[in-house]
2 protein chains.
Amino acid sequence: MSTKVKKRTLINDIASHLEVSIATVSLVLNGKAKQSRISDAVAERVLKYVEEVGYKPNHLAKSLRTGKTHVIGLVVEDIANPFFATVAALIERQAFERGYRIIYCSTNNEPARARELIGMFQERHVDGFIIVPSEGIEKEVSDILREQTPTVLFDRYLPALPTNYVVVDGAQGTADATRHLLAQGYTNVAFVTTDSTQTQMEARLQGYTQVLEAQGLPQQVKRVTISKDTEPVIADIQLFLASNPEIEAVIFSTNYLCIYGLEAIARLQLAIPAKLAVVSYDDHDLFRLYTPAITVIAQPVESIAKNVIDILLHELQHPTDPAVDSTQGVVLPPALIIRKSSIRQ
Amino acid sequence: MSTKVKKRTLINDIASHLEVSIATVSLVLNGKAKQSRISDAVAERVLKYVEEVGYKPNHLAKSLRTGKTHVIGLVVEDIANPFFATVAALIERQAFERGYRIIYCSTNNEPARARELIGMFQERHVDGFIIVPSEGIEKEVSDILREQTPTVLFDRYLPALPTNYVVVDGAQGTADATRHLLAQGYTNVAFVTTDSTQTQMEARLQGYTQVLEAQGLPQQVKRVTISKDTEPVIADIQLFLASNPEIEAVIFSTNYLCIYGLEAIARLQLAIPAKLAVVSYDDHDLFRLYTPAITVIAQPVESIAKNVIDILLHELQHPTDPAVDSTQGVVLPPALIIRKSSIRQ
DNA sequence: ATGAAAGCGCTAACAT
DNA sequence: ATGTTAGCGCTTTCAT
């Protein structure tokens, strides 16, 4: 005598209880009653009983059969970064409402990990991908494209590949910030960025370069190497600022660089904005609440999420002919939010 | 002539190419070659060819057959909260290394959403659950337990239910912080918390109450109602502080309450710590970098993650007799990190 | 030591 | 209008 655990209700149980075939049940459940000319009476009985016993179809079996999992794989750089966390949350909510689930993972910008995660998502048979691409994963992404899995990149894109993408106009954001600083009377503006050559980083740098070149003003670009260990990053920024005392204002190309930068500035005891004006990319609790509050180039997170999910769901629901390139590239405008850290006193 | 997309390699293809049965291939792939007395020669040929063609078994089929998905469902309060984000990242990494995948979702502390998510994870046949329980989800959790799905709660637990859990000693954390403030000479210490009756919140409050009672000092407890809209929360804290000018120090029971609190304090232009000393739960970039830096009761995130995943994987790999209660409750110590915001000047 | 075959639960083409 | 049945790709028992 074995202690049997209560068994789940199966489609079979429904069918035999109702004395109809399992096909009828399946058809009704999948909203194909009408087109299969199943009588309303039967359809109703099925629906009622299904509700009554709380029958839930086995997704594994369903997916195995249909080849669709209704799961989207989301590969971001770092889910603990508020920018990505916010976009992910917005995407998740919208996808959920439209019947899709999101599974997400962070690459920490390590190509090896990105490859691993994409592979894992493929093994899990995701229906589509949303990817914040690290450098050097062109091959994996093009493999996905070849298999015709709908995919949207965001935050940056891979110029070599014809993909859908949603990005923010980084050149415009930085240019706006740079002009704002010049208008405040700062003439010696520095730009602190990473050593990455990803599209969004290059664009942000370009906005800075172009404005200063046009004005014939000196440029000071510092490229920082990001490591898991935060201390060297802070020390690097600190050294840069200490060795270039002529700098009056600095723009940080990402939220985490600015966080490190604020630490460096605090150690150097430079008053913001009296000794050094500060502008950062991305809004953040810290920047709003810092004393003084930090001026930021904010990215339109709601709009990013909406565009990403709209494009992806459209492709998922209207498969396109791979022969024609129906790829979409969306570029959204950033917004400069001016706070005390960049106002000349 | 249809344009056939390149077909995935199946276990069948492997078997027929190698002219062995698919059972042999399956057995070898699952490390059961030895116990099925398959010749080393054959096993080696299989492994070599599998490697060569990059065969990846279909997880859906595998799961349908075995009933195991090797996926763990992680239900947290808010994945954008750095505390949960950090614990989630640590759990994910450890689980990954041991062959398990994590899918996670935020409840925003809404019981309805928690129920929905747990249901969704069950539909996806997760092998186990890690849950930060909202109030009022005792029924769903006890359903999970009845189905004998291994489960671990963390951050708080459900006293009515015999579950595994990993929590931090909130009473001790708050008591340490309160004693520290008293030692600094502050006698009028307030405690700002939420209106939640979750175990961790009650414990944190208790630590405060007990210390002040023991000293015969006055207590000032403010319970704030959290809403999606941040403005009323800030206003509420601001009003509380403004109406009780005798308060010399305040302890916030969560990181987000303190963030709202800092905003309120800034609006009231109260100097920290000259006019008001501040201590918060959880460490955070903002607290480290704020001027002055904020004293915090830090939770041992690595240890929380390690305990959670160890307990869960143990249960997953060594199913226990449901008749005996082998449930584990782990209580970890917090650490008081003293910074300038609580040092009397 | 290896192979044949029965399912896991569901969908959908085909029969009736 | 409804029922029968062949798989989806894999694991595992049982037979050889």
Side-chain angles (χ1 to χ4, degrees), chain A residues 4-47 49-50 53-71 122-125 127, chain B residues 4-47 49-50 53-71 122-125 127:
Chain A
K4 269 270 176 269
V5 182
K6 157 187 100 181
K7 274 183 78 169
R8 250 176 175 279
T9 309
L10 305 180
I11 195 167
N12 234 326
D13 305 335
I14 308 277
S16 54
H17 176 95
L18 258 30
E19 293 181 313
V20 298
S21 84
I22 61 171
T24 305
V25 179
S26 173
L27 259 7
V28 170
L29 253 29
N30 289 300
K32 294 181 182 162
K34 273 272 149 0
Q35 77 187 60
S36 308
R37 289 166 302 183
I38 286 172
S39 71
D40 289 359
V42 171
E44 220 165 289
R45 276 176 61 217
V46 170
L47 258 11
Y49 186 66
V50 160
V53 298
Y55 165 73
K56 297 263 180 260
N58 182 327
H59 275 256
L60 290 168
K62 196 167 187 162
S63 297
L64 178 59
R65 185 59 236 250
T66 61
K68 298 276 158 254
T69 54
H70 282 248
V71 173
Q122 282 177 316
E123 282 183 27
R124 297 282 165 190
H125 297 256
D127 287 352
Chain B
K4 269 270 177 271
V5 183
K6 156 188 104 182
K7 274 184 76 171
R8 251 175 173 281
T9 309
L10 304 180
I11 195 168
N12 232 327
D13 305 335
I14 308 276
S16 52
H17 176 95
L18 258 31
E19 293 180 311
V20 299
S21 86
I22 61 171
T24 306
V25 179
S26 173
L27 259 7
V28 170
L29 253 29
N30 290 300
K32 293 181 181 159
K34 273 270 146 8
Q35 78 188 56
S36 309
R37 289 166 301 179
I38 286 171
S39 71
D40 289 358
V42 171
E44 221 165 287
R45 276 176 61 216
V46 170
L47 258 12
Y49 186 67
V50 160
V53 297
Y55 165 73
K56 298 264 180 258
N58 181 326
H59 275 256
L60 289 168
K62 197 167 187 163
S63 296
L64 178 59
R65 184 61 235 254
T66 60
K68 298 275 159 256
T69 55
H70 282 248
V71 172
Q122 282 176 315
E123 281 183 27
R124 297 282 165 190
H125 297 257
D127 286 353

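Sequence lines set the chain letters: A, B, ... in the order given, protein chains first and strands last, and positions in each chain run from 1.
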Just wondering, do [Y] and [X] contact through their side chains at under 4.5 Å, heavy atoms?
X     : Y      : value
A/I14 : A/L10  : no
A/D13 : A/Y55  : no
A/V71 : A/H125 : no
A/S39 : A/V42  : yes

Need one value for [X]: base, sugar-phosphate or nothing, where a base atom within 4.0 Å counts as base even if backbone is also close, heavy atoms only.
X     : result
B/S36 : base
B/L27 : base
A/Q35 : nothing

Nearest-nucleotide comparison on DNA chain C, the residue closer to the 5′ end among B/R37 and A/I22: B/R37

Nearest-0.5 Å distance, NZ of residue B/K32 to NZ of residue B/K34: 15.5 Å

Between [N] ([atom2]) and [X] ([atom1]): distance, integer Å:
X     : N      : atom1 : atom2 : result
B/I14 : D/dC10 : CD1   : C1'   : 13 Å
B/D40 : C/dA1  : CG    : P     : 11 Å
B/I38 : D/dT13 : CD1   : C1'   : 14 Å
A/L10 : C/dT11 : CG    : P     : 12 Å
A/I11 : C/dC10 : CD1   : P     : 6 Å
B/L18 : C/dT2  : CG    : P     : 12 Å
B/N30 : D/dG9  : CG    : C1'   : 13 Å
B/H59 : D/dC10 : NE2   : P     : 10 Å

A/A23 side chain, from C-beta outward: closest of D/dT4, D/dC8, C/dA4: D/dT4

Selection from C/dT11, D/dT4, D/dT11 that lies nearest to any side-chain heavy atom of B/R65: D/dT11

Side-chain N or O of [X] versus OP1/OP2 of [N]: is the shortest distance under 4.0 Å?
X     : N      : result
B/K62 : D/dG9  : no
A/T24 : D/dA1  : no
B/S26 : D/dT11 : yes
A/Y55 : C/dG9  : no
B/N12 : D/dG9  : no

Closest-nucleotide ordering on DNA chain D, the 5'-leading residue of B/K32 and A/T66: A/T66

